[in-house]
Amino acid sequence: MRAWVVTAGVLVAAALAGALAHSGTPGPILLLEIRDTINPATASYLEGGIHRAESSGASLVVVELDTPGGLLASVKSMAEAVSASAVPVVVYTSPAGASATSAGALLTFSAHVAAMAPGTHIGAAHPVDANGKAEEGPAGDKAVNDTAAFARGLAEVRGRNVDLAAEVVSKSRSFTAPEAVEKKVVDLLAEDRGALLRSLDGRKVRTRSGDVILHTQGAEIEVLEMSVGQRLMSWLAHPNVAAILMTLGMLLIYVEVSHPGISVAGVTGAACLIVAFMAFQVLPIRAGGVVFLGLGLLLLVLEAFAVSGGWLAAAGVISFVLGLLWFVDPTQTDITVSAAVWLPAGLTLAFVATVVTVAAARMRRLSKELRARIGGGGEWGVQGYEGRVETPVPAGGRGKAQFRGEIWTVESHQALKAGQAVKVIGVKGFTLRVEPVQSEDENK
């Protein structure tokens with residue numbers, strides 16, 4: 001019995017020693033980089049990173065952030081993922097010159113630990129319209145109040161400055177990194193990644209699974225890259241990209257309709273429009289703006305078939321530009337179509353439409369002058385012309401005849417012989433109605 005007790009004691013002691021030794025080795029740190037707008041792709045990237053950290057036994061998730069802002073719906077989804085994470089999440093705005101602006105500030109507020117590098121800044125989360133001005137009216141007030149409450153709630157949970165977090169939204173307050181730390185908007189100031197990990201070592205944070213002591217010294221760092229699909233979605237999720245694709249698609253479609261037969265232009269234009277509509281799927285859009293975009297395309301296409309003197313094209317360009325300005329919902333994102341995109345897009349469309357309209361008017365004028373010079377009337381300018389029968393034409397049937405050096409399909413109520421002189425008396429589609437020309441001897 002004594003031997004068994006001693007053996008059991010040794011085994012228990014060994015197990016405890018092994019457990020203590022294992023606990024002394026920090027788990028790996030999963031590193032994510034978000035250096036783009038906050039959108040469904042970056043939300044998917046962060047949520048996937050948290051799930052991977054939980055399943056792989058990582059001790060910490062560090063998100064290095066540099067963003068101008070993005071979609072409110074996406075940052076709310078990211079904040080929910082951070083809140084539900086059993087692994088601590090650190091959001092670190094870096095390097096110098098980087099920013100956590102607008103939606104990026106809200107994401108920083110949601111982190112278990114918020115850190116910034118010197119030379120970075122955070123703030124300016126007030127919703128704006130397409131012109132960069134504050135959204136006014138009941139809709140604007142609702143968006144501001146809702147977003148401010150969201151920021152205030154995130155700061156309260158993490159023990160940060162609740163009032164200043166709300167003012168980041170309501171008053172567009174911005175802070176440099178030292179100011180943000182001093183005013184308790186964020187937690188840490190770290191010069192680089194190494195300094196950040198040293199500052200985090202031994203820090204206690206609270207996650208959904210309870211308090212966690214961070215052990216970062218000597219921890220292995222694993223970098224998680226965005227997938228190809230996430231990168232593509234992130235690229236498409238910018239209104240400027242959607243606007244450029246939409247403009248290019250409209251230009252190519254307009255060129256194809258104005259000059260039928262250029263199949264490459266039509267196919268490429270259709271592809272651009274399809275990709276632009278894919279971008280619309282990940283952007284908060286307003287139906288009125290999309291209607292203006294569609295109306296602009298319709299008016300430009302109609303210009304190619306109707307003789308309006310360019311009025312339809314002008315209305316189409318104006319409608320399209322208004323659509324670019326209004327199709328993104330400013331209450332859901334601060335990233336709208338830049339003037340550097342919609343202004344050149346409108347000018348380019350106007351230039352191309354003017355060139356096509358002027359060219360079409362010149363062609364009509366030259367055609368009219370040519371018909372006046374060579375004579376003839378009817379749809380194809382051949383009515384009244386005389387020619388020669390090429391193949392015999394039975395009574396009430398069809399055959400071939402030559403006019404102005406061109407071979408035409410003709411029909412006649414009288415039988416016609418090859419070589420007989422005929423005159424065009426009418427036009428029916430691509431078929432000419434003819435009658436025989438009587439010679440002077442026949443008239444006598």
Side-chain angles (χ1 to χ4, degrees), residues 31-43 45-46 61-76 78-79 82 89-129 132-134 144 147-148 150-151 154-155 158 160-161 164-193 195-196 199 226 234-235 237-241 328 330 332-340:
L31 178 67
L32 285 68
E33 291 185 274
I34 297 178
R35 306 196 183 281
D36 203 345
T37 60
I38 302 296
N39 55 61
T42 50
Y45 174 52
L46 177 61
V61 174
V62 175
V63 181
E64 293 190 349
L65 181 67
D66 180 14
T67 179
L71 306 184
L72 184 60
S74 295
V75 78
K76 285 184 176 181
M78 297 166 86
V82 172
V89 177
V90 176
V91 174
Y92 176 43
T93 306
S94 69
S99 66
T101 308
S102 194
L106 299 176
L107 177 60
T108 303
F109 295 158
S110 73
H112 296 102
V113 180
M116 299 177 69
T120 61
H121 64 278
I122 185 172
H126 195 293
V128 295
D129 61 15
K133 298 180 180 179
V144 171
T147 309
F150 177 53
L154 294 175
R158 304 303 177 197
R160 303 190 183 109
N161 193 317
L164 290 183
E167 289 182 6
V168 163
V169 177
S170 61
K171 298 182 179 180
S172 293
R173 291 287 299 273
S174 293
F175 305 94
T176 64
E179 290 173 343
V181 174
E182 179 185 356
K183 298 179 184 298
K184 297 185 179 180
V185 176
V186 299
D187 306 310
L188 296 174
L189 183 66
E191 185 174 354
D192 53 29
R193 188 185 301 166
L196 172 68
S199 299
M226 268 190 168
S234 181
W235 179 74
H238 200 293
N240 284 341
V241 174
V328 177
Q332 298 299 315
T333 177
D334 56 341
I335 305 296
T336 55
V337 180
S338 169

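Note that the coordinates shown come from a computational prediction; the quantities given were computed from them, not determined experimentally.
Taking each heavy atom of L196 and A115 in turn, the nearest pair found is CD1-CB, 3.6 Å. The heavy-atom pair separating A79 from L154 by the smallest distance is CB-CD2, 4.2 Å. Closest approach of A195 and A190 over heavy atoms only: C-CB, 4.1 Å. Shown here for A117 and A177, the closest heavy-atom pair between the two residues is O-CB, 3.3 Å. Across all non-hydrogen atoms, the minimal contact from G97 to T120 is N-CG2, 4.2 Å. In terms of heavy-atom proximity, S174 sits nearest to G123 at OG-C, 3.8 Å.
Listed for the Y45 side chain is a donor-acceptor partner under 3.5 Å among the backbone atoms of E33. The backbone N or O of S110 lies less than 3.5 Å from a partner atom in the side chain of R158, making a donor-acceptor pair.
By the side chain to side chain donor-acceptor pair (under 3.5 Å) test, E191 is found to be paired with no residue, residues two or more places apart in sequence or in another chain being considered. By the side chain to side chain donor-acceptor pair (under 3.5 Å) test, E167 is found to be paired with R173, residues two or more places apart in sequence or in another chain being considered. Residues that satisfy the side chain to side chain donor-acceptor pair (under 3.5 Å) test with D36, not counting sequence neighbours, are S234. Evaluation of the side chain to side chain contact (heavy atoms under 4.5 Å, CB included) rule for T37 yields N39, P68, H238, I335 as partners, not counting sequence neighbours. Applying the side chain to side chain donor-acceptor pair (under 3.5 Å) test to S99 and every residue at least two apart in sequence or in another chain returns T101.
Of the candidates L65, V91, T93, M116 forms a side chain to side chain contact (heavy atoms under 4.5 Å, CB included) with just one, namely T93.
In this structure the side chain of V61 never reaches within 4.5 angstrom of the side chain of V82, judged on heavy atoms. Side-chain contact check for I34 versus M226: every heavy-atom pair is 4.5 Å or farther apart.
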Legend entry - V62 and R193: CA distance, side-chain angles, deciding distance, side-chain contact (heavy atoms from CB on, under 4.5 Å) verdict: CA-CA 10 Å; V62 175; R193 188 185 301 166; 5.8 Å; no
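Separation of atoms OG1 (T67) and CG (L107) is listed at 8.5 Å; rounding is to 0.5 Å. With rounding to the nearest 0.5 angstrom, the CG atom of L72 is 7.0 Å from the CZ atom of F150. In this structure, the separation between CD1 on I122 and OG1 on T108 is 4.0 Å, given to the nearest 0.5 Å. The CD1 atom of I38 lies 9.5 Å from the CG atom of L106; values are rounded to the nearest 0.5 Å. One finds the CG atom of L71 at 12.0 Å from the NZ atom of K76 (value rounded to the nearest 0.5 Å).
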N/O donor-acceptor pairs under 3.5 Å from side chains in residues 178-189, not counting sequence neighbours:
from: E179; atom 1: OE1; to: T176; atom 2: N; distance (Å): 3.1
from: E179; atom 1: OE1; to: T176; atom 2: OG1; distance (Å): 3.4
from: D187; atom 1: OD1; to: R160; atom 2: NE; distance (Å): 3.2
from: D187; atom 1: OD2; to: A114; atom 2: N; distance (Å): 2.9
from: D187; atom 1: OD2; to: R160; atom 2: NE; distance (Å): 3.2
from: D187; atom 1: OD2; to: R160; atom 2: NH2; distance (Å): 2.8

